[in-house]
Amino acid sequence: MSTELESTRRALRDAVAQAGRAAELARLLDDAQARLAAAEQRAEEAKALAEQLSETEQRLAAEQAVTERLRKELAEQRFQAEVAQWKLSSIKVARWSRLGDAIKSGKSNPVRLAKGLRGAAKPVKRPTAPKRRPVATGGKPKDERPGAAYQAVHTTRTLEGASFKLKPFRVPTGPNTRPHLTAAVIADPHAEALLRYEWRQTTGFTPRDFARVLPLEMPHLLVVESVTQGPWAEEITGEPGEGLRALLAWCAERGIRTVFWHTQGDVSRYAAAADLFEHRFTADLTVAWPRLQFGVQPRVHNPLPLAGGRIDRVLTLDQLLPGHLSYPDVLTSYRWPAAADCPPGTPQWRLAEIAACGTPIGTEPDSRRAHVALRRAYSMGTMSERIDEMLDAIGLPSARATLNTSVLLPVLDPYLLEHALAQVAKQSGIDQLIVIGPPEAELRAREVVPDVEIICRRPQASMTEGAMLNSGIDLCEADLVAVMDPRDVYGPHYLSDLRRAFLFSTADIVGKAAFYAHLRKPQATLLKQPEAEYSYLPEITGGTLLARRNTLREIGFADLTEGWDEVLMRQCRADGVKVFSADRFGYVRVRDEDRWLLGAAHLVEYGSAEPHALI
């Protein structure tokens with residue numbers, strides 16, 4: 001009996017304990033439900049506040065637009081009033097008006113009439129026509145040029161405890177490759193820097209404000225990179241966010257093409273979001289999507305030097321690129337060392353960017369190897385070429401300015417014809433050859449350069465080389481015009497290297513102020529102005545002239561055989577035409593003797609110049 005009683009007691013105690021736990025669980029559940037309800041209420045309140053904020057922002061933007069329109073209308077009315085006042089003043093001081101006033105006031109007084117006519121005959125300064133002034137805005141106007149607010153911020157580097165002060169690389173503000181095209185872009189800083197010069201670019205919009213920001217400049221396409229930071233990172237990883245879905249729906253309603261670009265990370269993290277886009281590209285060779293690799297961006301990946309030059313040290317990649325640097329600071333670091341020692345496994349795009357900035361890659365500085373690496377980096381593809389491929393794939397026009405080239409070849413001495421045509425035949429990218437020379441030039445040119453349009457003209461007996469060039473410039477049809485000297489030697493990469501300068505400089509004329517020369521009589525090889533590489537200078541040598549056709553037509557050539565290039569450079573300085581000196585390689589100036597050159601250049605050796613210049 002006692003055993004049963006004890007069992008009953010234990011059962012009662014267990015039941016009481018379970019009841020207590022159940023009550024505690026019920027209380028906890030009630031608390032959780034209450035907190036959940038409170039959270040849902042706060043979420044609803046936050047959603048309502050967000051909607052109110054969005055509506056308020058929209059109303060504010062509408063009010064600002066109305067205010068801006070009224071401000072412009074008021075400025076236009078003021079301008080028109082100034083124009084009317086200017087027209088009235090101009091009429092009053094016009095000679096015919098003053099003559100009429102003199103005749104009217106002196107019709108009954110001959111003396112007054114004569115005096116009035118003399119006064120009316122004197123010249124009077126006309127009032128200056130008014131000009132439209134920029135309309136003042138509510139705040140400081142935003143500079144929309146690419147690179148305007150994208151500059152280096154760190155001017156000091158530290159190596160082994162020592163600090164070095166740098167003059168940062170100035171990120172250029174343009175020009176745009178395709179100003180007719182607008183793209184809305186969501187990208188990390190590196191990709192954004194590569195894309196910003198390829199079109200008019202809208203960035204910085206968020207899932208909350210894209211519907212207000214994007215209509216300000218309606219895009220033709222949306223490009224979304226596999227970003228790892230920013231407000232869109234959570235939207236495109238895993239399950240696509242509502243903000244991304246809303247953005248793509250907004251684009252679909254307006255016929256805006258959508259592109260997803262996978263550049264980093266496991267593609268499976270982005271697969272669900274990528275499926276919502278019309279077009280998908282990847283930089284990963286293991287992913288079965290169309291390829292869109294990184295390419296060098298000539299506007300920022302180029303051999304333009306830092307103002308303070310390079311440090312005379314070879315740096316490792318860790319020394320060159322500390323982790324805290326922004327991408328504009330990285331562009332400064334690329335140009336800083338004498339050479340960069342990059343370890344195995346360095347990404348190919350990183351090596352290409354360093355090489356494109358003219359920095360030797362290796363344990364020793366080597367300008368020849370650096371030039372070959374720069375050429376190779378560009379030949380692997382620029383960002384403009386990558387975007388051409390993408391636009392062609394998605395069905396948008398990829399039209400942009402070309403570097404098509406016409407070559408002017410004046411041949412005064414018939415014995416130089418074969419040598420001159422052989423130099424032209426080495427070049428790539430020639431669309432047209434204009435030969436001004438002896439009668440046999442046309443037949444030989446068509447044999448030596450069969451795939452190029454040939455135009456030949458016979459010079460008059462008294463024509464100078466400058467006159468020959470002037471007669472040929474109107475026959476040129478390509479965007480660029482090159483002048484080649486039949487006496488000189490040109491390497492196979494001469495024109496392609498020289499054309500490259502138009503991708504990153506703002507010059508209208510490109511050539512070489514730094515170059516090798518060979519004097520036959522003393523058998524001397526000279527190097528002229530090695531410090532003049534990659535810089536804007538007042539002059540370049542005429543045998544390396546490559547210019548925009550319209551610029552060359554406006555300036556013209558002096559009627560001289562020797563010195564026409566010096567006159568041309570003086571005219572460029574007078575007219576403010578920019579002239580850029582490229583690298584020293586790919587060209588040899590050949591003369592029997594040249595005392596001026598012998599005194600102004602560095603002696604390299606006695607022997608051939610071609611092993612030094614033609615790489």
Side-chain angles (χ1 to χ4, degrees), residues 150 183-199 201-207 221-241 243-244 247-248 258-297 299-301 317-318 320-331 333-334 340 342-357 377 380-387 389-391 393-394:
Y150 189 75
V185 175
I186 298 170
D188 282 341
H190 175 228
E192 186 182 327
L194 301 183
L195 296 172
R196 63 174 57 230
Y197 302 97
E198 297 304 321
W199 40 44
Q201 184 159 294
T202 301
T203 59
F205 53 92
T206 68
L221 76 159
L222 168 72
V223 178
V224 178
E225 188 204 7
S226 52
V227 294
T228 58
Q229 55 187 346
W232 292 98
E234 293 184 359
E235 295 283 334
I236 65 173
T237 53
E239 182 65 23
L244 179 65
L247 173 61
L248 295 176
T258 57
V259 174
F260 184 82
W261 185 20
H262 170 245
T263 61
Q264 57 189 327
D266 187 350
V267 72
S268 62
R269 298 179 60 216
Y270 305 100
D275 286 341
L276 303 178
F277 288 76
E278 295 177 286
H279 305 276
R280 291 167 292 280
F281 297 89
T282 181
D284 189 340
L285 298 178
T286 65
V287 180
W289 292 351
R291 299 283 177 270
L292 183 60
Q293 303 285 356
F294 286 125
V296 295
Q297 174 52 262
R299 300 285 194 273
V300 294
H301 303 139
L317 198 60
D318 290 339
L320 185 67
L321 303 174
H324 67 279
L325 296 182
S326 65
Y327 195 71
D329 292 302
V330 168
L331 297 174
S333 290
Y334 281 165
C342 301
T346 302
Q348 188 63 43
W349 62 264
R350 178 76 76 187
L351 295 174
E353 290 183 2
I354 294 173
C357 292
M380 290 168 59
T382 64
M383 208 61 212
S384 295
E385 294 165 337
R386 299 282 192 257
I387 297 304
E389 297 169 3
M390 186 193 77
L391 294 176
I394 69 175

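No experiment lies behind these values; they were computed from the predicted model shown.
Taking both residues in full, the closest heavy atoms of Val300 and Cys357 are given as O-SG, 4.1 Å, listed atom of the first, atom of the second, then distance. For the pair Gly238 and Ala272, the tightest heavy-atom approach, listed with the atom from each and the gap, is O-CB, 3.6 Å. Scanning both residues, Ser333 and Leu320, for their nearest heavy atoms gives O-CD1, 3.0 Å. The heavy-atom pair separating Ala356 from Val296 by the smallest distance is CB-CG1, 4.0 Å. A pairwise comparison of heavy atoms in Arg386 and Leu292 identifies O-CD1, 3.5 Å as the closest pair. The two residues Met390 and Val259 come nearest to each other via the heavy atoms SD-CG1, 4.1 Å.
For the pair Leu247/Leu222, a side-chain contact is recorded, criterion being any heavy-atom separation below 4.5 Å from C-beta on. With a 4.5 Å cut-off on side-chain heavy atoms, Arg291 and Thr282 count as touching. In this structure the side chain of Val223 never reaches within 4.5 angstrom of the side chain of Glu198, judged on heavy atoms. At least one side-chain heavy atom of Asp188 sits less than 4.5 Å from a side-chain heavy atom of Glu225. The side-chain heavy atoms of Pro347 and Glu353, taken from C-beta on, include no pair separated by under 4.5 Å. Counting heavy atoms from C-beta outward, Val227 and Glu235 have side chains that stay 4.5 Å or more apart. Side-chain contact check for Trp232 versus Val224: every heavy-atom pair is 4.5 Å or farther apart. Looking at heavy atoms from C-beta onward, Met380 lies out of side-chain contact with Gln293 at the 4.5 angstrom threshold.
Remark: side-chain polar atoms of Thr203 are not paired, donor with acceptor, to backbone N or O of Val185 under 3.5 angstrom. Between the Gln297 side chain and the Met383 main chain, no donor and acceptor come within less than 3.5 Å of each other. Within the 3.5 Å criterion, the main-chain N or O of Arg269 finds no donor-acceptor partner in the side chain of Thr237. Side-chain atoms of Thr382 never come within 3.5 Å of backbone atoms of Gly295 as a donor-acceptor pair (strictly under, hydrogens ignored).
The distance from atom CZ of Arg350 to atom CG of Leu317, rounded to the nearest 0.5 Å, is 6.5 Å. Taken from CG in Leu351 to SG in Cys342, the straight-line distance is 5.5 Å, to the nearest 0.5 Å. Annotation: the span from Leu276 atom CG to Ile236 atom CD1 amounts to 11.5 Å, rounded to 0.5 Å. In this structure, Thr346 OG1 and Leu321 CG are separated by 9.5 Å, a value rounded to the nearest 0.5 Å. The structure places CD1 of Ile387 at 4.0 Å from CH2 of Trp199, a figure rounded to the nearest 0.5 Å. Taking CG of Leu195 as the reference point, atom OG of Ser384 lies at 10.5 Å (rounded to 0.5 Å).
Between the side chains of Thr286 and Asp284, at least one donor-acceptor pair of N or O atoms lies under 3.5 Å. Checking Gln264 against His190 by side-chain atom types alone, no donor-acceptor pair falls below 3.5 Å.
The aromatic rings of His301 and Tyr327 stand perpendicular to each other, their planes meeting at an angle above 60°, with 30° marking the opposite boundary. Classified by interplanar angle (parallel below 30°, tilted 30° to 60°, perpendicular above 60°), the ring pair Trp289/His262 is perpendicular.
With sequence neighbours excluded, the residues satisfying salt bridge (charged side-chain N to carboxylate O under 4.0 Å, His left out) with Glu192 are Arg196.
When ring centroids are compared, Trp261 and Phe277 stay outside the 6.0 Å threshold.
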